[in-house]
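What you see below is based on every heavy atom in this structure, not just the backbone, and it leaves out hydrogens, waters and symmetry mates. All residue numbers in this chain count up from 1 along the given sequence. Quick caveat: nothing in here was measured; it's all calculated off a predicted structure.
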Amino acid sequence: MVSLARNSRGQSVVEFALVLPLLFVLVFGITEFGRAWMQMNLMTSAAREGARLAVVTAPDVGRVTARVQEVCDAGRINPTLITVSGPDATDPDRRVTVTVEANFQVVTGTILNTFSGTIPLRATATMRHESF
């Protein structure tokens with residue numbers, strides 16, 4: 001009876017050693033996905049802020065870009081590209097589109113010494129220019 005308990009304990013240690021790397025990958029994957037999702041939401045919010053500023057005022061690319069950069073700075077995001085286009089005179093809807101691009105830095109990959117690097121993300125907001 002005693003030898004059966006000892007064999008069971010050794011088996012549990014081996015099973016734990018086999019499952020632990022998978023558990024780490026799962027936990028760190030969920031963490032990185034959450035961080036990427038948060039950055040994507042902040043970039044979308046920045047694009048919306050810029051588009052809203054452009055549609056309620058005379059579209060000034062400098063002011064819109066500054067507003068998008070301000071929102072990105074508040075979320076500690078370093079955008080690689082901010083694009084403002086519109087309103088086009090030939091477009092009957094007079095749409096304004098603001099696009100924000102940034103690279104997502106994978107952190108846990110450097111900790112686990114597996115996948116590390118950046119993933120490009122893009123957020124776009126399009127709104128109709130309000131005529132006065």
Atom [atom1] of [X] and atom [atom2] of [Y]: how far apart are they, to the nearest 0.5 Å?
X    : Y    : atom1 : atom2 : answer
T65  : D60  : OG1   : CG    : 8.5 Å
M40  : I77  : CE    : CD1   : 10.0 Å
I119 : E32  : CD1   : CD    : 8.0 Å
N78  : Q105 : CG    : CD    : 11.5 Å
T124 : R48  : OG1   : CZ    : 11.0 Å

Could you give me the CA-CA distance, side-chain angles and deciding distance for R35 and F104, then say whether side chain to side chain contact (heavy atoms under 4.5 Å, CB included) is met?
CA-CA 9 Å; R35 288 184 56 244; F104 173 73; 3.4 Å; yes

Side-chain donor/acceptor of T80 to backbone N/O of E101, under 3.5 Å
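Indeed, once roles are kept as given, a pair shorter than 3.5 Å links the two residues.
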
Hydrophobic clustering (ILVMFWY, side-chain heavy atoms < 4.5 Å, transitive) - are [Y] and [X] grouped together?
X   : Y   : value
L26 : L18 : no
V98 : L42 : yes
F24 : F16 : yes
V71 : I82 : no

Minimum heavy-atom distance Q39-A102, with the two atoms named
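The pair with the smallest heavy-atom distance is NE2-CB, 3.8 Å.
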
Might you point out which heavy atoms bring V64 and A54 nearest each other, and give the distance in Å?
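Reported closest heavy-atom pair: CG2-CB, 3.7 Å.
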
Filter on side chain to side chain donor-acceptor pair (under 3.5 Å), then keep only pairs touching residues 67-77, sequence neighbours left out; what's left?
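Applying side chain to side chain donor-acceptor pair (under 3.5 Å) to every pair that reaches into residues 67-77, excluding sequence neighbours, yields E49-R67, R67-E70, Q69-D73.
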
Determine whether C72 and V100 make a side-chain contact, defined as any pair of heavy atoms from C-beta on separated by less than 4.5 Å.
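Yes; the side chains approach each other to less than 4.5 Å.
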
